[in-house]
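These values consider heavy atoms only, across backbone and side chains, with no hydrogens, waters or symmetry-generated copies. This structure is a prediction, so every number in the text was calculated from the model and none was measured.
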Amino acid sequence: MTAKLELLTPQNSQLIFIDHQPQMAFGVQSIDRQALKNNAVALAKSAKVFAIPTTITTVETESFSGHTYPELLAVFPEAPLLERTSMNSWDDKKVRDALAANGRKKVVVSGLWTEVCNNSFALCAMLEGGYEIYMVADASGGTSKEAHDYAMQRMIQAGVVPVTWQQVLLEWQRDWARRETYDAVMSIVKEHSGAYGMGVDYAYTMVHKAPERVSHGLTLAPVPEI
């Protein structure tokens, strides 16, 4: 049985963020950049809920790329930032050592750019490290839609598994009877999942009559003009 038939679980996977830095994001044209940040931060929060070992690596921070999204760093305030010179994270021994120390062969990847940093890392990690790569397509971005799409196709042909951030979150949760993570998952959904999150708010307040999750001023009744 191929290992890729195994679902992602909090016990069998780890996560790496590659170069979520401003200068890299400036070049992204394959996805709305605010959506990209939303999705990457949502993925980070998901990993935090399930205690997924997470590696954050950066390239040429001071000289070119700028600092990692503060919203992402805020999720992992104690995590070291593994700085590199190579576009390929696999070339840096610190990164290889961090992945090995986590002891999990399923590596979920979110990074910039898809066609450069993600692609080279994925192929080398599979070839030289024996890792299984799960590429989070909507928490990664390329310099054009074609660059992103063809890089994803190349990686898929090589055996990379394409996923999306919400798919990963819900695969880690798997069963709504897992109450210890239920509320935290719902909080991520309400904040980051767009229409799905709006639907959760609607169901909670209108169907189940839960209180609204924010305080606000008085609601003033309509006053007909006539």
Do any N or O atoms from the side chain of [X] and from the backbone of [Y] form a donor-acceptor pair under 3.5 angstrom?
{"X": "Lys4", "Y": "Gly159", "answer": "yes"}
{"X": "Asn119", "Y": "Val116", "answer": "no"}
{"X": "Ser110", "Y": "Phe17", "answer": "no"}
{"X": "Asn39", "Y": "Ala35", "answer": "yes"}
{"X": "Thr164", "Y": "Asp138", "answer": "no"}
{"X": "Asn102", "Y": "Ala98", "answer": "yes"}

Residues which pass salt bridge (Lys or Arg N to Asp or Glu O under 4.0 Å) with [X], listed by chain and number, not counting sequence neighbours:
{"X": "Lys94", "result": "Asp92"}
{"X": "Asp149", "result": "Lys145"}
{"X": "Lys93", "result": "Asp97"}
{"X": "Arg84", "result": "Asp19"}

Suppose we screen for side chain to side chain contact (heavy atoms under 4.5 Å, CB included). Which residues come up paired with [X], at least two apart in sequence or across chains?
{"X": "Arg213", "result": "Lys190, Asp201"}
{"X": "Glu146", "result": "Ser144, Tyr150"}
{"X": "Asp175", "result": "Ala177, Arg178"}

Taking C-beta and beyond as the side chain, do [X] and [Y] meet within less than 4.5 Å on heavy atoms?
{"X": "Ile188", "Y": "Val49", "value": "yes"}
{"X": "Trp172", "Y": "Ser13", "value": "yes"}
{"X": "Asn118", "Y": "Leu112", "value": "no"}
{"X": "Lys209", "Y": "Tyr204", "value": "no"}
{"X": "Phe50", "Y": "Gln11", "value": "no"}

- Query: Only one of Thr114, Val28, Ile31 clears side-chain contact (heavy atoms from CB on, under 4.5 Å) with His148; which?
  - Reply: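 Exactly one pass, corresponding to Thr114.
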Checking [Y] against [X]: is there a side-chain donor and acceptor pair closer than 3.5 Å?
{"X": "Gln21", "Y": "Thr58", "value": "no"}
{"X": "Trp113", "Y": "Ser140", "value": "no"}
{"X": "Gln14", "Y": "Thr55", "value": "no"}
{"X": "Thr68", "Y": "His20", "value": "no"}

- Query: Does Leu123 sit in a hydrophobic cluster with other residues, and if so which ones, taking ILVMFWY side chains as linked at heavy-atom separations under 4.5 Å, directly or through other members?
  - Reply: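 Once heavy-atom contacts under 4.5 Å are chained together, Leu123 still belongs with nothing else.
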- Apart from Trp90 itself, what residues make up its hydrophobic cluster, given side-chain heavy atom links below 4.5 Å?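 Same cluster as Trp90: Ile16, Ile18, Leu82, Val95, Leu99, Val107, Val109, Phe121, Met126, Tyr131, Ile133, Met135, Met152, Met155, Val160.
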- Task: Take Thr85 and Asp91, measure what side chain to side chain contact (heavy atoms under 4.5 Å, CB included) needs, and give me the verdict at the end.
- Result: CA-CA 9 Å; Thr85 58; Asp91 290 342; over 6 Å; no
- Tyr182: partners by ring-ring contact (aromatic ring centres under 6.0 Å, His included), with sequence neighbours left out: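 ring-ring contact (aromatic ring centres under 6.0 Å, His included) check on Tyr182 returns Trp176.
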- Going by the angle between their ring planes, with limits at 30° and 60°, are His192 and Trp165 parallel, tilted or perpendicular?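 Perpendicular, since the angle between the ring planes exceeds 60°.
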- Message: Working note: Val168 + Ser46, criterion side chain to side chain contact (heavy atoms under 4.5 Å, CB included); need CA distance, chi angles, decisive distance, verdict.
- Response: CA-CA 8 Å; Val168 173; Ser46 302; over 6 Å; no
- Message: So which atom in Leu43 and which in Ala139 form the shortest heavy-atom distance, rounded to 0.1 Å?
- Response: CD2-CB, 4.4 Å
- Query: Which atom pair, heavy atoms only, marks the closest approach of Ser86 to Val59?
  - Reply: O-CG2, 3.9 Å
- Item | All pairs passing salt bridge (charged side-chain N to carboxylate O under 4.0 Å, His left out) where residues 22-45 contributes a residue, at least two apart |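 For residues 22-45: Lys37-Glu71, Lys45-Glu191.
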- Task: Please list all pairs passing the salt bridge (charged side-chain N to carboxylate O under 4.0 Å, His left out) test where one or both residues lie in residues 50-62, with sequence neighbours left out.
- Result: none
- Quick check: are there more than 12 heavy atoms from other residues, nucleotides or ligands sitting under 6.0 Å from CZ of Arg154?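 Check fails, neighbour count at 12 or below.
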- Item | side chain to side chain contact (heavy atoms under 4.5 Å, CB included) evaluation trace for Leu170 with Gln166 | CA-CA 6 Å; Leu170 298 180; Gln166 190 165 261; 4.1 Å; yes
- Are the charged groups of Glu132 and Lys105 less than 4.0 angstrom apart, N to O?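 Judged by the 4.0 Å cut-off on N to carboxylate O distance, Glu132 and Lys105 do not form a salt bridge.
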- Task: Please report the C-alpha distance between Glu115 and Thr143 in whole Å, then the side-chain angles of each, then the deciding distance to 0.1 Å, and finally whether the side chain to side chain donor-acceptor pair (under 3.5 Å) criterion is met.
- Result: CA-CA 8 Å; Glu115 71 271 26; Thr143 54; 2.6 Å; yes
